[in-house]
Amino acid sequence: MSEAEETIREALASVPATLARRLGAVQFDLRESEEEVASRWRWGKTGVEVEVNPNQTSPHDCALELLTCLGQALWNSASAEERRAWLELLREEIEAEVEGEIDERALREKRAMLSSRVLAVSPRRMERYAEASFAGTMAEYVHTLWHEVAINAGRDYLPLPWLRRRFALFSRWFPAARNAMPGLFRHRCGSRIRRNT
């Protein structure tokens with residue numbers, strides 16, 4: 001087993017049972033490619049199938065790519081009630097003028113959506129932003145169940161109180177096992193979420 005495979009299996013072991021049941025079987029394939037695509041996913045016959053390109057990322061980040069793909073799949077299978085709750089949470093963040101986001105993709109989508117009045121009211125832009133922020137948040141939620149992570153502060157980062165609100169929503173939907181030891185947050189100034197291996 002490669003280091004990336006082992007790391008992915010560790011991350012998958014941290015996925016809450018309720019979330020695992022929703023996604024079905026998760027199959028992953030480490031497929032080396034010269035493409036600049038780190039990962040892609042699709043629904044298979046029994047669950048989610050994910051391809052991860054280990055040429056584009058470290059073994060630890062391969063696992064985070066897989067978790068983000070699972071977040072995208074989850075968004076695509078979310079109930080109307082879950083989508084409403086997520087969109088309401090995002091609207092509250094926007095009204096509070098929260099500038100940061102959970103990861104680079106969500107930040108790009110948020111900034112694109114808020115770049116003009118027309119795009120700010122576009123349902124399509126909001127959907128893209130909601131999916132990116134949901135997938136990134138789900139990946140980081142499971143990441144904190146896997147091991148300790150450090151949360152950073154700054155304009156581009158989601159402030160800790162808002163991150164806690166997101167995680168509280170995910171923990172209601174997908175509670176961790178009673179014996180799980182969630183990773184601890186350490187607050188830092190500087191760069192984006194630092195992932196400890």
Side-chain angles (χ1 to χ4, degrees), residues 1 3-28 39 41 43 46-50 52 58-90 92-93 98 100-103 105-106 130-153 157-188 192-197:
M1 187 183 308
E3 185 181 353
E5 286 174 298
E6 187 175 340
T7 306
I8 287 171
R9 289 183 192 282
E10 287 174 12
L12 285 173
S14 301
V15 173
T18 51
L19 177 54
R21 283 192 296 275
R22 173 85 70 88
L23 295 170
V26 176
Q27 294 181 309
F28 68 90
S39 62
W41 71 275
W43 287 108
T46 60
V48 183
E49 298 173 358
V50 181
V52 179
S58 70
H60 184 265
D61 285 351
C62 282
L64 289 168
E65 282 294 325
L66 179 124
L67 293 176
T68 301
C69 286
L70 297 183
Q72 292 166 353
L74 184 62
W75 176 254
N76 282 275
S77 66
S79 69
E81 183 179 321
E82 289 167 339
R83 283 177 175 252
R84 269 194 303 276
W86 188 254
L87 290 169
E88 179 59 30
L89 185 143
L90 293 182
E92 289 172 7
E93 290 178 9
V98 174
E101 247 312 327
I102 192 76
D103 64 21
R105 180 173 172 241
E131 184 267 336
S133 63
F134 185 93
T137 302
M138 203 242 36
E140 289 299 338
Y141 171 65
V142 175
H143 190 201
T144 65
L145 299 175
W146 174 19
H147 62 86
E148 182 180 303
V149 297
I151 305 300
N152 300 301
Y157 316 109
L158 192 64
L160 193 55
W162 295 96
L163 181 62
R164 283 189 176 130
R165 287 180 55 151
R166 288 185 182 191
F167 283 2
L169 187 59
F170 272 92
S171 68
R172 282 197 303 274
W173 289 337
F174 309 109
R178 291 183 192 267
N179 60 350
M181 291 294 289
L184 303 174
F185 290 122
R186 288 199 324 262
H187 194 258
R188 289 188 193 274
R192 187 158 302 285
I193 293 174
R194 188 188 70 188
R195 295 166 172 122
N196 300 321
T197 55

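It should be emphasised that the depicted structure is a prediction, and the values quoted were computed from it without experimental measurement.
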Check the angle between the aromatic planes of W43 and W41 and answer parallel, tilted or perpendicular using the 30° and 60° thresholds. perpendicular

Any chance you could measure W173, atom CH2, to L74, atom CG, to the nearest 0.5 Å? 8.0 Å

Test log, rule side chain to side chain contact (heavy atoms under 4.5 Å, CB included), inputs V142 and L19: CA-CA 10 Å; V142 175; L19 177 54; 4.1 Å; yes

Closest non-hydrogen contact found for S133 with W86 is OG-NE1, 3.2 Å

Centre-to-centre under 6.0 Å for Y141 and F134, is that the case here? no

Under 6.0 Å between ring centres: does that hold for W162 and Y157? no

Quick one, L158 and I151 - any side-chain contact, counting heavy atoms below 4.5 Å? no

Heavy atoms of L70 and V50 approach each other most closely as CD2-CG2, 4.4 Å

Could you walk me through whether E93 and R166 pass the side chain to side chain contact (heavy atoms under 4.5 Å, CB included) check? CA-CA 10 Å; E93 290 178 9; R166 288 185 182 191; 2.8 Å; yes

Which residues pass the side chain to side chain donor-acceptor pair (under 3.5 Å) test with R84, not counting sequence neighbours? none

For residues P175 and T18, report the shortest heavy-atom separation together with the two atoms involved. CD-OG1, 3.7 Å

To the nearest 0.5 Å, what is the distance between CD (Q72) and CZ (R105)? 5.5 Å

Please round to the nearest 0.5 Å and tell me the distance separating atom OG1 of T137 and atom CD of E101. 6.0 Å

Over 60° means perpendicular and under 30° means parallel, so classify the ring planes of H143 and W146, tilted if in between. tilted

Might you point out which heavy atoms bring A139 and L64 nearest each other, and give the distance in Å? CB-O, 4.3 Å

Distance in Å, I102 CD1 paired with M138 CE, rounded so as to fall on 0.5 Å steps: 11.5 Å

When you look at T7 and C62, which way does the side chain to side chain contact (heavy atoms under 4.5 Å, CB included) test go after all the steps? CA-CA 8 Å; T7 306; C62 282; over 6 Å; no

Do you know which two heavy atoms are closest between V48 and A73, and how far apart they sit? CG2-CB, 3.9 Å

Salt bridge (charged side-chain N to carboxylate O under 4.0 Å, His left out): which pairs involve residues 4-24, sequence neighbours left out? R22-E82

Provide the closest heavy-atom pair for L89 versus R165 in the form atom of the first, atom of the second, distance. CD1-O, 4.0 Å

Return yes if some donor-acceptor pair links the side-chain N/O of R164 with the main-chain N/O of P159 below 3.5 Å, else return no. no

Rounded to the nearest 0.5 Å, how far apart are SG of C69 and CG of L23? 11.5 Å

